[in-house]
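Here the structure comes first, spelled out in C-alpha cells, and everything after it is commentary.
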2 protein chains.
Amino acid sequence: MGHSRPADQAGLRRGNLALLVRTLREHGALSRAQLAVRSGLSKATVSSLVSDLELRGLVHSAGISAGGQGRPGQLVALRPTSVSGVGLDVHVGHVGAAVTDLAGDIVFRRRFVCDVPALGPERTIDHLAELATAALAEVDGLVGPPVGVTVSVPGLVDTSAGTVTLAPRLRWRDVAVADELAARTGLPLDLISVDNDANLGAMAEQAAMNGESGDPVTDLVYLTGDFGIGGGVISGGRLVRGSIGFAGEIGHMGMDPLGPYCSCGRRGCWETRVGLGALLHACADPDDPVRDPTLDLDQRMRMVRARAAQRDQRTLDALHQIGSALGVGVSILVNLLNPAVVVLGGYFAALPEWLVEPIRNQVVAGVLAPGAGGARVVGSRLGFTASTTGGALAALRRVLDDPTVVPLNQPEDEEAPA
Amino acid sequence: MGHSRPADQAGLRRGNLALLVRTLREHGALSRAQLAVRSGLSKATVSSLVSDLELRGLVHSAGISAGGQGRPGQLVALRPTSVSGVGLDVHVGHVGAAVTDLAGDIVFRRRFVCDVPALGPERTIDHLAELATAALAEVDGLVGPPVGVTVSVPGLVDTSAGTVTLAPRLRWRDVAVADELAARTGLPLDLISVDNDANLGAMAEQAAMNGESGDPVTDLVYLTGDFGIGGGVISGGRLVRGSIGFAGEIGHMGMDPLGPYCSCGRRGCWETRVGLGALLHACADPDDPVRDPTLDLDQRMRMVRARAAQRDQRTLDALHQIGSALGVGVSILVNLLNPAVVVLGGYFAALPEWLVEPIRNQVVAGVLAPGAGGARVVGSRLGFTASTTGGALAALRRVLDDPTVVPLNQPEDEEAPA
DNA sequence: GACTTTCGATCGGGCACTCAACGAAGTGGA
DNA sequence: TCCACTTCGTTGAGTGCCCGATCGAAAGTC
C-alpha cells in the first residue's frame, strides 16, 4: 500500500477546501450556511474556507439567496473563469486541443489535420506546441491561467515520466512528450502530464454523466472506437491503471483463435471484429467513398448513418454484426467489472441507434448478474472529442483535489482587459 | 465521487495512528526515532502517537535497539496478541473458520464438512455460528477480542447489508447472513461483514505477497479454482467491486459460442473449460476414484499430482489443455487490468508445476504490452484456505485503518490467564 | 414596530502537529 | 576514569485548524 504519507493540518485544510469546491461544482451557488450543512463542516470553518477560496479567486459572491424566513444568505459561487485546464490530443490523423474553464465548460477547441505517423514525433510535437500556444493566446483574457496541460496519446504511457512507451498506431516508441512540449512551449514541466486516450475519455464521460443526473457514476467502462479499440475503466471513482499503467488494452482480447489476423500479429483480436476497419469492410466495397481514407472520418460516418437510416440492408447487416461482436466483448467487461455504464466512444458514438440494441441483447444474455448487474450501454455524446475534454478535466482535477495550487494574494485585478 | 466527508483533527489523528501501525507491520520493531524518519512525522508526534497506541494495547516496548553511536533507541513493536480477526467461510462442501492475530498469523483454523446446498441457509448458519463460537472460545486467552468477523460466500453479496443476493452453487438467494449470525452468536452486528470469496482470497494473497518481498503489490488478480471460477481484482491497492458489488464474475466469460453448455444455461463459459469439472472429465473416466465426489478433494488432487509426476500421458494432456484454456482467459485479464501478479487459487494451487507454464506461454503470446506488462503467474500458497484467511485479514483491516476502534484504558491486565 | 428566524462573523477553547531545547543514555578516545 | 560526542525521547512553547457559543445583521411575520 502506497498511502504512507503523514497527515498534517495543511493537508486537512487542503482536503476541506477541495470539499467545498466539489460541493459548489455539484450544487451550484450556495450560501455559507447551506455549504456548512452540505459539507458537514461548521459555519465558522466554512466562513474561513470561503474567504480563503475568495483570496485565491476560485469563488466569488453571487447575489443573495431567495425567499424564506430569516436573514437571506449571501450566495457563493465558483468563478469558472478563474483558471483553465488544457487538453491536447495526438491522434493518428490529427492533433487537437481543448481548453475548459473551472466549471468544465469548453472555451476553446481546435483540430489540426496531419498524418502523425508520417510526421514522426518531433514534428508532431511541433504542431502540438503551436496548437497549445495558440489556444492559450486565444483564451487569454477569457479565462485564467492553465493549472495543467494533459496530452492524450493512443498507446502505452508512463504517466509518472510523461513519456510514451509504445504507440503502435503512431509508430512512436519511448517519446518524452512532456519534456519536448515543455521545451517548445515554455510551460513549466510539472504542469504537463501525458495519459492514455481511453483513460482520459473515460474521465470525460464520467464527468459528463455526473453533470446531468442524480447518482454519481463511480464505475464506468469507456470504449474508444477507431481502427483500434481501447478501454478506459473507472472503478470506485478511480481510474484502473494497472501495475505499470498498461491497463485497458482491450482491443487485443483474443476472441477467436481462427479469426482474422490482427496488426499485432495474432489472430482473432477483438478489434479485428469491431474496429473501424471491420465495419468499413463489412458495409462497403473497396471503391466506395465510405472507404476512402482521404475523406474526413466524420463525413464517412454520416454516409454510413444515412444508409442505415434508409434501411440499406448491407449496412444494417454490417452494423448488426459489429454490434453483436461488440456485445460479446462488452459482456466480458460487464461480468468482470460490473460497471454502472458502458460508454461507446469514437466511431461507435456516431451509430448508437444501430449498435446499442444488439450489444444490450448480448449483455443481458451473457452476464451472470441479474439484469446485467444494472449496467447500461450508451453512446457517447462527446464522440471523438472525449480525449481532449478528458485531458482538460484531468488538468483541472489538480485544482479540484488541492485548491491551494492556485496562489493567494490576488485581492483585486481580475481578467478585465484594460 | 463519494469522498464527501469533512476532515477534522480526529481523522488526522486516526490517519497517523494507522500510519504508525502500518509502518510497524512492514518493518517490524522500530525505535521512536526510526519511526519518525520512516513515517515522516516529527519525533514529538511519534512519541505522542506511540503512547496512545500503548494505552490501546496495540504496541509494547520490545527491548533496546542494537549498537551504533549515541543513546540506544527503545524499540516499539506491534503486540500481535492484542486483538484478533475472524474469517468464516461457506463453501459448497464445508464451512470453515480461521482466526488471526494482529500480525496476520493464523492462531486457529477448523473446517466442518457438510453439504451446504442440502442443509439450506438456516442450518448452515447454525453450523457457522457454532464454529465461530468454538473458535472464539478456543483462542480466548491466546489473543485479544475480535475486531471483526468476515464471512466468505461464493456468490453475489451485498456487503453494505451483509446479505447474500445470489449464490447459485449454494442455492442461496437473499440470505441475511450477518443478521442471522449475529443473532446466533450474540456478536454485535456491526462487527460482522459478508463478502465474496474471490474478493477475500485476493486480499489474502496480496497480504501474503507483501509479507515476503520488497515492492508492495497493488495490482493483483486472483482466480478461485473450483467447479466454478471466480475472480478477485485488486487495482491500485483497492478491491474492484463494481457498481453494485458484482464485479469478478469471470467464470462466465463467453469463450466459445459453440462450447459445452454451462450450469448458467449458456454455452462455452470459461469455467466449462477450466473448472474442476473440466479437469476431472479430461483426466479420468467416470469410475475413476479421482472423480468420486465422496472422496476428499485434497486427496483427489494428490492423486492427480501423483499421476502427473509419473508422467501419465492422459493426465499431462488434460493439464496442458486446462492450462492453455486458462491462459486464454488470463490473457484477457492481463490485457485489461495489467496486474503485477495473477494468483491461481483453489484447485489450481495444487497443480502449479503443470499449469503455470502453459498459462505463461499463452499470456506472453496474447498480451499486447511487452513482457506481458510485467505480469507474473503464480500458484497460491494458501490454496483453499485463502478465503478464510482473507476474511480474517479483512476484519483486521478495521484496526489497521483506524486504530481508535480499540478502546483506551487498558493500562494493565493483559491476557495472563490466572 | 416588535418579534422571530436565519445568516455570517468573531472569539475562546481544544486538539494535533512542529520546532527547539534539554536531559538521558550510550560510545569512544584521552 | 573521565569527558566529549552522538543519538534518543520528552517537554513546553508556538502555530494552525476546526468547533461551539455568542452576537450583531438582515430579512420576514404579526
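Chain letters run A, B, ... following the sequence lines, proteins first and then strands; every chain starts at 1.
- If you measure from atom CG of Leu12(B) to atom C1' of dC17(D), you get 9 Å, rounded to the nearest angstrom.
- What separates CG of Leu75(A) from P of dC7(C) is a distance of 11 Å, to the nearest Å.
- A distance of 7.5 Å separates OG in Ser39(A) from CG in Asn16(A), rounded to the nearest 0.5 Å.
- Partner of Leu102(A) under the side-chain contact (heavy atoms from CB on, under 4.5 Å) criterion, out of Leu24(A), Thr81(A), Val83(A): Val83(A) alone.
- Comparing dG8(C), dT10(D), dC18(D) by their closest approach to the side chain of Arg32(B) singles out dT10(D).
- Legend: residues meeting side-chain hydrogen bond (donor to acceptor under 3.5 Å, both in side chains) with Gln74(B), ordered by chain and number and at least two apart, are absent.
- Between dG8(C) and Ser31(A), a contact under 4.0 Å exists linking OP1 or OP2 to a side-chain N or O.
- Between the CG atom of Leu53(B) and the P atom of dA16(C) there is a distance of 13 Å, rounded to whole Å.
- Partners of Thr45(B) under the side-chain hydrogen bond (donor to acceptor under 3.5 Å, both in side chains) rule, at least two apart in sequence or in another chain, are Ser42(B).
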Between Ser31(A) and Gln34(A), is a side chain to side chain donor-acceptor pair (under 3.5 Å) present by the stated rule, with each step listed?
CA-CA 5 Å; Ser31(A) 71; Gln34(A) 291 170 316; 3.3 Å; yes

Nucleotides 19-21 of chain D: which of its N/O atoms have a protein N/O under 3.5 Å away?
| residue | atom | partner | partner atom | Å |
| --- | --- | --- | --- | --- |
| dC19(D) | OP2 | Ser42(A) | N | 3.2 |
| dC19(D) | OP2 | Ser42(A) | OG | 3.2 |
| dC19(D) | OP2 | Thr45(A) | OG1 | 2.8 |

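- In this view, Asp158(B) satisfies the salt bridge (Lys or Arg N to Asp or Glu O under 4.0 Å) rule with no residue, not counting sequence neighbours.
- For Arg25(B), there are no salt bridge (Lys or Arg N to Asp or Glu O under 4.0 Å) partners two or more places apart in sequence or in a different chain.
- Axis angle across the helix from dG1(C)-dC30(D) to dA30(C)-dT1(D), with five pairs used at each end and values rounded to 10°: 10°.
- One can place CD of Gln74(B) at 12 Å from C1' of dG26(C), the figure rounded to the nearest angstrom.
- Spacing between atom CD of Gln9(A) and atom P of dC15(C) amounts to 13 Å, rounded to whole angstrom units.
- At a cut-off of 3.5 angstrom, the base of dA24(C) holds at least one donor-acceptor pair with the side chain of Arg71(B).
- The nearest whole Å value for the distance from the CG atom in Asp52(A) to the P atom in dA9(C) is 14 Å.
- Of the side-chain N and O atoms in Asn16(B), one or more sit less than 4.0 angstrom from OP1 or OP2 of dC17(C).
- Take Thr404(B) and apply the side-chain hydrogen bond (donor to acceptor under 3.5 Å, both in side chains) test, not counting sequence neighbours, and it matches Asp402(B).
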Between the protein and nucleotides 27-30 of chain C, are there any N/O to N/O pairs under 3.5 Å, and if so, what are the atom names and distances?
none

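- A search for side-chain hydrogen bond (donor to acceptor under 3.5 Å, both in side chains) contacts involving Thr389(B) returns Arg109(B), not counting sequence neighbours.
- A straight line from CG of Leu49(A) to C1' of dA9(C) spans 14 Å, rounded to a whole angstrom.
- When the salt bridge (Lys or Arg N to Asp or Glu O under 4.0 Å) test is applied to Arg13(B), the partners found at least two apart in sequence or on another chain are Asp52(B).
- Residues Ala33(A) and Pro72(B) both approach DNA chain C. Their nearest nucleotides, taken by heavy-atom distance, put Ala33(A) toward the 5′ side.
- Applying the salt bridge (charged side-chain N to carboxylate O under 4.0 Å, His left out) test to residues at least two apart or on different chains, the pairs with a partner in residues 233-244 of chain A are Asp195(A)-Arg241(A).
- Scanning for salt bridge (Lys or Arg N to Asp or Glu O under 4.0 Å) contacts around Asp8(A) gives an empty result, with sequence neighbours left out.
- Atom CG of Leu20(A) and atom C1' of dG8(C) are 15 Å apart (whole Å).
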